Amino acid sequence: MQELSPIVRRQTIADALHRTARRLPSKTAIVCGDTSWTYAEFDALVSRMAAGLHHLGIGEGDRVAVLARNSHGFAALRFALARRGAVMVPINFMLKAEEVAYILRHSGAQTLATDSGLSELAQAAAALDTQVHQYIWLPSEDPSAPTPGMHPFDALVACTEALPPVQLGSQDLAQIVYTSGTESSPKGAMLTHDAVLWQYVSCVINAEIAEADRALHALPLYHCAQLDVFFGPAIYMGSTNVITGKPVPDHLLDLLQRFEINSFFAPPTVWIALLRSPAFDPAKLQHLAKGYYGASIMPVEVLKELASRLPQVRLWNLYGQTEIAPLATMLGPDDQLRKPGSCGKAVLNVDTRVVNDAMQDVAIGEIGEIVHRSPHLMLGYFNDPEKTAAAFSGDWFHSGDLAVIDDEGYITVVDRTKDMIKTGGENVASREVEECIYGLSAVSEVAVVGLPDAKWVEAVTAIIVVKAGQSLSEAEVMAHCQSHMAGFKVPKRVAFVEALPKNPSGKVLKRELRMQFS
């Protein structure tokens, strides 16, 4: 039997864009600020940019770091790197210079792409004993001038040289995405084109991403949720994509209205901010039909408020993590109030279990760890065989999340393994206490952590943001909890803050809270 060339059956991230452009050449693909590209224009620009990357000496398998806010430039670079066969290393722009430098050193990136607003941070980080020797300047949502000494975006996309044949397969590395580091130093999850694209398929089926979508991408594209659960699958299907790097309520409400957005993802913190904005008006969201949330569980009271104020919006809860590209389970629109707080069931291409320490399925209602098998999964952690081996112990990927499963197979995350509070010999799930406290109408946000205590070993501690114009006391919080839960679960301490520390994906940084209040 004659052996076919691998390119005949190839499926990469860049191929997905090209095929959409062949199907829908004149449809609007990208809108960002004053920039608008059709799919044909976007695909051609990506090819020229890939040739420009080759001209800079970027080869197949080379790691290229990206430290930039959302923009059309970021979107183009994402696909151009894939077309060149290079490996994207997206970096959290909220990090400090030394933290960025850690990722640059660890990944071995020699090229760093950035924008005008972050160029100073990028250069400061690169100077801290990294291998970075050249920069790519990306345009921003608002007009800006290229940073001197950097290769400008316009020059790269004007490249007239032909891109040489790229020997790229679906099993080759597409990106190294560093974990958020909310609990430990970031680890680099190695994801292949194949893993990301299998994940696209699960997103399309389970989250109903469609060609007719007009999607708003407002959360950082450096994060795998916005990049690979929403932006990538939307390009795969041929949606119209509005990109912004300014996820503030008034701006989002304006874009939702102006572009008649019908599909929008945000973590619960952003949905809450929209609801609390003085500019919130359901009429501005009249076209919104599909709403998605993730990164943390939506408080039940907020779910009820969304259902009341935006009754036409169907909601999905999407759960996962970087290592699984990142979607793992989904709770659909019909179950939001029937199974409040649940992350649902495994999506199409994922096998998920909740197990005990012996890798046995837990009984209904018993706490265990979530483990997965899936073609979405990473190859492992970059340059970290020990952590890779630990993560895949027993031939399942260990999520580090603790959960229970009910008699219908729905999974509910109760905590991270490191967030389970052990107080006075009892285990307390911080999320259970948080849900109880959200029952207080004056509470805008709350995070519960365990803090060192001489008597209890760990003391259940609630850190609360109170809604504007309202008041709340420690005594009121404790009395409310005492009337709703066992005494050992009631917070021993209550603190009030103006805002909770979060990363740009909306996750509360509990490690910072432990450090601040210990």
Side-chain angles (χ1 to χ4, degrees), residues 4 6-20 23 61 78-79 81-83 85-90 166 168-177 179 188-211 213 215 217 221 223-239 265 292 294 316-332 343-353 370-382 388 391-392 395-399 401 411:
L4 294 174
I7 198 171
V8 176
R9 302 183 66 252
R10 189 177 70 185
Q11 170 75 316
T12 69
I13 292 168
D15 292 326
L17 167 61
H18 182 66
R19 289 165 184 160
T20 301
R23 294 196 320 270
R78 194 279 188 277
F79 285 95
L81 289 171
R83 190 154 291 174
V87 178
M88 184 176 73
V89 183
V166 176
L168 183 67
S170 60
Q171 293 297 321
D172 287 322
L173 203 56
Q175 58 210 45
I176 301 174
V177 185
T179 59
M190 298 186 291
L191 293 162
T192 64
H193 288 265
D194 191 55
V196 174
L197 286 161
W198 275 116
Q199 196 260 171
Y200 283 8
V201 173
S202 293
C203 295
V204 167
I205 298 300
N206 290 99
E208 299 183 18
I209 293 173
E211 181 182 321
D213 287 350
H217 304 281
L221 286 169
H223 191 279
C224 52
Q226 190 71 76
L227 182 70
D228 290 323
V229 178
F230 296 100
F231 180 61
I235 293 293
Y236 184 53
M237 292 303 293
S239 311
F265 160 72
Y292 305 93
W316 281 259
N317 175 21
L318 305 176
Y319 159 82
Q321 59 197 116
T322 305
E323 292 89 340
I324 199 165
L327 183 60
T329 73
M330 182 274 293
L331 185 76
C343 63
K345 298 182 178 182
V347 296
L348 181 69
N349 292 316
V350 178
D351 186 10
T352 295
R353 299 166 61 206
I370 295 175
V371 296
H372 308 290
R373 282 178 174 167
S374 173
H376 300 187
L377 280 163
M378 66 174 181
L379 294 178
Y381 294 118
F382 186 65
T388 298
F392 286 96
D395 291 330
W396 288 80
F397 173 73
H398 292 254
S399 71
D401 283 341
I411 296 167

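Fair warning: this is a prediction, and the values are worked out from it, not measured in the lab.
Scored by the salt bridge (Lys or Arg N to Asp or Glu O under 4.0 Å) test, Arg19 finds no partners at all (sequence neighbours excluded). His217 pairs by the ring pair (Phe, Tyr, Trp, His ring centres under 6.0 Å) definition with Phe231, not counting sequence neighbours. Under the rule for a side-chain contact (heavy atoms from CB on, under 4.5 Å), the partners of Val229 that lie at least two apart in sequence or sit in another chain are Gln199, Cys203, Leu318, Pro326, Leu327. Remark: Ser202 engages Asn349, His376 in a side-chain hydrogen bond (donor to acceptor under 3.5 Å, both in side chains) (not counting sequence neighbours). Under the side-chain hydrogen bond (donor to acceptor under 3.5 Å, both in side chains) criterion, Asn206 pairs with no residue, sequence neighbours left out. By the salt bridge (Lys or Arg N to Asp or Glu O under 4.0 Å) test, Arg373 is found to be paired with no residue, residues two or more places apart in sequence or in another chain being considered. Under the rule for a salt bridge (Lys or Arg N to Asp or Glu O under 4.0 Å), Asp172 has no partner lying at least two apart in sequence or in another chain. A search for ring pair (Phe, Tyr, Trp, His ring centres under 6.0 Å) contacts involving Tyr381 returns nothing, not counting sequence neighbours. Applying the ring pair (Phe, Tyr, Trp, His ring centres under 6.0 Å) criterion to Tyr292, with sequence neighbours excluded, gives Phe230, Trp316. In this structure, the side-chain hydrogen bond (donor to acceptor under 3.5 Å, both in side chains) partners of Arg10, at least two apart in sequence or on a different chain, are Asp15. Listed by chain and number, the residues in a salt bridge (Lys or Arg N to Asp or Glu O under 4.0 Å) with Glu211 amount to none (sequence neighbours excluded).
No side-chain heavy atom of Val177 sits under 4.5 Å from any side-chain heavy atom of Glu323.
A donor-acceptor pair is defined here as one N or O able to donate and one able to accept, closer than 3.5 Å; such a pair exists between the side chain of His193 and the backbone of Ile13. Ser239 contributes a side-chain N or O that, together with a main-chain N or O of Ala210, makes up a donor-acceptor pair within less than 3.5 Å. Remark: side-chain polar atoms of Thr20 are paired, donor with acceptor, to backbone N or O of Ile235 under 3.5 angstrom. At least one donor-acceptor pair closer than 3.5 Å links the side chain of Thr329 to the backbone N or O of Cys343. Distance alone, capped at 3.5 Å, places no donor-acceptor pair between the Arg353 side chain and the Val371 backbone.
Pairs engaging residues 192-203 under the salt bridge (charged side-chain N to carboxylate O under 4.0 Å, His left out) rule: none recorded [sequence neighbours left out].
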Test log, rule side-chain contact (heavy atoms from CB on, under 4.5 Å), inputs Leu191 and Leu379: CA-CA 6 Å; Leu191 293 162; Leu379 294 178; over 6 Å; no
